[in-house]
Amino acid sequence: MVALTFPDGARREYPDNITGFEIAKGISPSLAKRTVAMALDGTLADLHDKITKDAKIEFIPRDDPRAMELIRHDAAHVMAEAVQSLWPGTQVTIGPVIENGFYYDFFRNEPFTPEDFPAIEKKMREIIQRDQPFTKEVWSREEAKRVFREKGENFKVELVDAIPAGEEIKIYKQGEWFDLCRGPHMTSTGKVGGAFKLMKVAGAYWRGDARNPMLTRIYGTAWQTQEQLDQYIHQLEEAEKRDHRRLGREMDLFHFQEEAPGSVFWHPKGWTLFQTLENYIRRRQSDAGYQEVNAPQLMDSSLWVTSGHMAKYREMMFLTEKREEEERQYVIKPMNCPGHVQIFKNGLKSYRDLPYRLAELGKVHRFEPSGALHGLMRVRAFTQDDAHVFISDDQITDEVIAMHRLILSIYKDFGFEDVQVKFSDRPEQRIGEDAVWEKAEAALLRALEIAEYPYTYNKGEGAFYGPKLEYVLRDAIGRDWQCGTVQVDLNLPGRLGAFYIAPSGEKIVPVMLHRALFGSLERFTGILIEHHAGHFPLWLAPLQAMVCTITSDADAYAADVAAAAKKFGLRVDVDLRNEKINYKVREHSLAKVPVLLVVGKKEAAERAVSIRRLGSEKQTVMPLDAALAVLAGEATAPDVKREREAA
RNA sequence: GCCGGCUUAGCUCAGCGGUAGAGCAACCGCCUUGUAAGCGGUAGGUCGUAGGUUCAAUUCCUACAGCCGGCACCA
């Protein structure tokens, strides 16, 4: 007998091996009919599974939130059947559930294209219409391999081989079609419903390894209701509207062109925004005890050989050609660290100089693979807000805590309060003694503990020279972006011959902490554009206010207003064009100018302005100086504001 | 880098084996206008680049480049 506890707390006994379906049917046929799966002690299971031990049981109806992943997983199976029935000979591989949908990877000599979607979707609807039950069988390893081999499903044979000994080899059937699968599934294909859509095709390597064959992946989305599907599609459209590449063009911030793939042409407004970020970083890191430096863009390749970068990253570095008159080869710097080590090394350093904090807004170039390029988010030339801090090893924890607090405080100023920290420890391929790693990892963890900050653990994901923390922020529409990093480097200082004189007079190799705040300024600009959907807070907006005249009678006064605003430190422009005010308001609203200062005869006579804010239809008429004082206050950077308030 | 798709006017896009079209923007004129498009006119493209097929290519084919979506990569 098994004792089952129901959600209402009732506890009943049933014979061993009874199925969830039988229990549901015993309670009421309608319950059995609307139940698509069950949960045993909170874990989803097939409704027809035999129950062999005491558990809490719940019946999962199709509209239960937990049914979503089942719908998606079943949809993946239905799609796989549809594809194989339309193109026999196509091999199936894996088809998991992902956020908002599912995919299935196929192997076929002829790849699929989106033009195939209507046929596949039609076939899927037929399969769903047939409403065939999902049934599970457990096969022996040998049998499974034999059957898949005979079907020519070579990838499945590999998957069977990969299943650990002692684990069941489960086969799910839907009618004639079957697939190796961990499950669980709903009771029948009909439960998938109609709220699904195939989204895109993509190449994907077998088992995620670039050395393996390329499969065709078909992505789909599936929902419980058509409303949910429609809403999801709508969300995608909205996200597209905040795409920084589109807003960058619409707001005249930057552009890219063929001759410089992966490099940004910053326009005046975009560069204003970029400089606002640079200036902010300069203030923050100067306050935190960093000194800004600038190291050469080109350095002899021998330095990069010594640092180890040539060995590991040669293919991703830009190198100069050797010339007849000079046999040297230079490297366009892909990182700032070797340069900073040179600055540390220049002149003897004492333990009294530590921590020695060098920061640089260094422009680095990396030959990123062409397929990786993506607007500002992944470029070949970018500006790192980089710093290297030279310390003794007993200073690691304190310095890391300081960096940690600095990073969080900076993100907060930009409205990012949901920040995750990832801790990565020693990778398999690494250099240095385990004892040193031990110390570095412990120091990082102690810093997080003292700062009382939660973190996730990425085993073996550290850099080859040391463990690291990575800072991941979440934007307005819930996307995660990895930005800042703190790394302990136990390698480069030694390799590049850095040392300081300890109290004992000994030469000691310092520990080097590597730290980035935004990471890449280009990328962070892109994140800000998407986060705000172009509606920047006043202190970031490249153009903060537009002075618009009603008629040419106000032209002279408009110029006065603009001049006065500039004296308040505001970034303003004037629109004297012979256009109706409606036209001007519309145009500047679309350009996402945060503040419109409208002036006509009336305002000119009273030395006032009519203020209209982006996103609002409200108009507020204020005396000019008062209005500018308010705006100037708002346009003050958060850190400057804090300082003023403290003073 | 790999797989697939795309590339036509500044932007968004239509078109097609017989050397191109719309809307918006731009420019010119009229209108002096009160908070999201006033009216009229003009101009604008070697159809991504290079080859090939053809009497004829923007259209079909091939290569290359860039971009887009993934995958892989990301010091």
Side-chain angles (χ1 to χ4, degrees), chain A residues 103 105 110-116 199-219 240 243 245-246 249-250 252 255-262 304 307-313 315-317 333-338 364 366-375 377-380 382 384 386 462-466 468 482 485 487 489 491-492 514 516 519-520 523 548-555 577-591 596-603 610-621:
Chain A
Y103 66 78
D105 285 349
E110 186 98 347
F112 299 97
T113 78
E115 284 168 24
D116 298 323
M199 303 298 285
K200 52 197 174 195
V201 285
Y205 297 108
W206 167 237
R207 295 191 153 177
D209 190 326
R211 289 166 301 191
N212 287 342
M214 172 85 38
L215 309 170
T216 302
R217 174 171 299 178
I218 302 181
Y219 283 93
E240 206 180 308
D243 188 311
R245 292 166 297 187
R246 172 176 171 155
R249 186 180 54 240
E250 288 174 358
D252 194 17
H255 84 269
F256 289 91
Q257 68 188 46
E258 262 191 64
E259 292 81 356
W304 302 94
S307 72
H309 288 97
M310 276 294 253
K312 198 167 162 59
Y313 291 111
E315 291 307 307
M316 305 216 15
M317 290 164 33
K333 69 177 175 184
M335 289 188 82
N336 297 301
C337 3
V364 295
R366 300 179 179 177
F367 200 93
E368 301 287 350
S370 58
L373 301 179
H374 181 93
M377 303 306 190
R378 190 81 180 267
V379 287
R380 286 186 176 152
F382 63 99
Q384 276 189 325
D386 205 1
F464 69 93
Y465 49 73
K468 63 182 176 186
Q482 189 170 306
T485 182
Q487 299 172 4
D489 187 341
N491 166 48
L492 279 180
H514 173 116
S520 146
R523 185 158 179 273
C548 301
T549 49
I550 305 264
T551 69
S552 53
D553 294 337
D555 284 3
R577 289 177 306 169
N578 180 16
E579 295 288 353
K580 294 206 159 153
I581 191 64
N582 283 310
Y583 184 89
K584 294 184 183 181
V585 166
R586 175 180 156 82
E587 192 166 272
H588 301 306
S589 298
L590 288 174
L596 300 185
L597 299 174
V598 178
V599 294
K601 265 189 203 158
K602 219 165 27 180
E603 286 78 9
S610 166
I611 304 173
R612 178 181 169 130
R613 304 272 185 161
L614 181 60
S616 163
E617 288 176 20
K618 213 174 96 187
Q619 300 159 37
T620 313
V621 179

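Lettering of chains follows the sequences in order, A, B, ..., and the numbering in each one begins at 1.
Judged by atom type and distance alone, A:Arg207 does not reach the base of B:A72 through any side-chain donor-acceptor pair under 3.5 Å. Put simply, the side chain of A:Tyr205 and the base of B:G1 share a donor and an acceptor less than 3.5 Å apart. A:Arg378 contributes a side-chain N or O that forms a donor-acceptor pair with the base of B:C73 under 3.5 Å. The base of B:U35 does not come close enough to the side chain of A:Ser589 for any donor and acceptor atom to sit less than 3.5 Å apart.
No contact: A:Arg211 has no heavy atom under 4.0 Å from any strand. At the heavy-atom level, A:Glu603 lies under 4.0 Å from base atoms of the strands shown. Using a 4.0 Å heavy-atom criterion, one finds that A:Pro261 contacts the sugar-phosphate atoms exclusively. Residue A:Phe256 is out of contact with every strand shown, counting any heavy-atom pair closer than 4.0 Å. Heavy atoms of A:Lys584 sit nowhere under 4.0 angstrom from any nucleic acid atom. Residue-level contact check: A:Gly208 touches the backbone only, with heavy atoms under 4.0 Å from sugar-phosphate atoms and none from bases. Among the heavy atoms of the strands, none lies under 4.0 Å from A:Leu596. Using a 4.0 Å heavy-atom distance criterion, A:Ala463 is classed as making no nucleic acid contact. Across all strands, A:Arg612 comes closer than 4.0 Å to base atoms (heavy-atom distances).
With B:U32, B:C3, B:G38 as the candidates, the nucleotide lying closest to the side chain of A:Asn582 is B:G38. Which of B:C3, B:G70, B:A72 sits closest to the side chain of A:Lys200 comes down to B:G70. Minimum atom distance to the side chain of A:Thr113 is reached by B:G4, of the listed B:C71, B:G4, B:C74. With distances taken from any side-chain atom of A:Pro334 to the nucleotides B:G38, B:A75, B:G34, the minimum falls on B:A75. Considering only the side chain of A:Tyr583, B:A25 comes nearest among B:A25, B:C67, B:U35. When the nucleotides B:A26, B:U35, B:C71 are ranked by their closest atom to the side chain of A:Ala204, B:C71 comes out on top. Listed nucleotides: B:U35, B:G34, B:A75. Nearest to the side chain of A:Lys601: B:G34. Closest to the side chain of A:His374, out of B:G69, B:U35, B:C67, is B:G69. Ranking B:A36, B:A75, B:G66 by closeness to the A:Glu258 side chain, first place goes to B:G66. In this structure, the nucleotide among B:U35, B:U32, B:G38 sitting nearest to the side chain of A:Ser552 is B:U32.
Under the Watson-Crick and G-U wobble criteria, each requiring two contacts below 3.5 Å, nucleotide B:G23 is paired to B:C11. Using Watson-Crick or G-U wobble geometry with both donor-acceptor distances under 3.5 Å, B:G1 finds its partner in B:C71. Using N1 to N3 plus N6-O4 or O6-N4 for Watson-Crick, or N1-O2 and O6-N3 for G-U wobble, each under 3.5 Å, B:A36 pairs with nothing. With a cut-off of 3.5 Å on both Watson-Crick or G-U wobble distances, the partner of B:C60 is given as B:G52. Of all nucleotides present, only B:G66 satisfies the Watson-Crick or G-U wobble test against B:C6, with each distance under 3.5 Å. The partner of B:A43 is absent, by the rule that a Watson-Crick or G-U pair needs both atom distances under 3.5 Å.
OP1 or OP2 of B:C3 has not a single side-chain nitrogen or oxygen of A:Thr216 nearer than 4.0 Å. Within the structure, every side-chain polar atom (N or O) of A:Lys312 is placed at least 4.0 Å from both OP1 and OP2 of B:A75. For the OP1/OP2 pair of B:G69 and a distance below 4.0 Å, the side-chain nitrogens and oxygens of A:Arg245 include at least one atom meeting the criterion.
In this structure a side-chain-to-backbone donor-acceptor pair under 3.5 Å is missing from A:Asp243 to A:Glu240.
A salt bridge is absent between A:Asp209 and A:Arg207: the closest approach of a Lys/Arg side-chain nitrogen to an acidic carboxylate oxygen does not fall below 4.0 angstrom.
Residue A:Ser610 comes nearest to A:Glu603 through the heavy atom pair CB-OE2, 3.7 Å, listed as atom of the first residue, atom of the second, then distance. Considering every non-hydrogen atom in both A:Cys337 and A:His514, the closest pair reads SG-ND1, 4.0 Å. In terms of heavy-atom proximity, A:His309 sits nearest to A:Pro338 at CE1-CG, 4.2 Å. The two residues A:Asn491 and A:Ser307 have their closest heavy-atom pair at ND2-O, 4.4 Å.
For the P atom pair drawn from B:A43 and B:U49, the interatomic distance equals 25 Å after rounding to whole Å. Across B:G1 and B:C73, the matching C1' atoms stand 9 Å from one another, rounded to whole Å. Taking the C1' atoms as reference points, B:U7 lies 13 Å from B:C13, given to the whole Å. The separation of B:C47 from B:C6, taken at their C1' atoms, amounts to 14 Å, rounded to a whole angstrom. Using C1' as the reference atom, B:C71 and B:G15 are 35 Å apart when rounded to the nearest Å. Taking the C1' atoms as reference points, B:C30 lies 37 Å from B:U46, given to the whole Å. Rounded to a whole angstrom, the distance from the C1' atom of B:C16 to that of B:G45 is 16 Å. A gap of 13 Å separates the C1' atoms of B:A57 and B:G51, to the nearest Å.
Rounded to a whole Å, the CD atom of A:Glu579 is 13 Å from the P atom of B:G29. The separation between A:Met199 atom CE and B:G4 atom P is 21 Å, rounded to whole Å. Across the protein-nucleic acid pair, A:Arg577 atom CZ and B:G38 atom P stand 11 Å apart, rounded to whole Å. As rounded to whole Å, 7 Å separates atom C1' of B:U35 from atom CD1 of A:Ile550. Whole-Å rounding puts the A:Glu250 CD to B:C11 P distance at 12 Å. In this structure, A:Met335 places its CE atom 8 Å from P of B:A75, rounding to the nearest Å. Taking atom OH of residue A:Tyr465 and atom P of nucleotide B:A75, one finds them 8 Å apart after rounding to whole Å. Put simply, OH on A:Tyr219 is 7 Å from C1' on B:C71, counting in whole angstrom units.
The aromatic ring of A:Tyr313 sits over the base of B:A75, with ring centres less than 5.5 Å apart and planes tilted by under 30°.
Applying the side-chain contact (heavy atoms from CB on, under 4.5 Å) test between A:Glu579 and each of A:Lys584, A:Arg586, A:Glu587 identifies A:Lys584 as the sole match.
Each of A:Met214 and A:Asp553 was assigned the nucleotide of RNA chain B with the nearest heavy atom; the assignment lying further toward the 5' end belongs to A:Met214.
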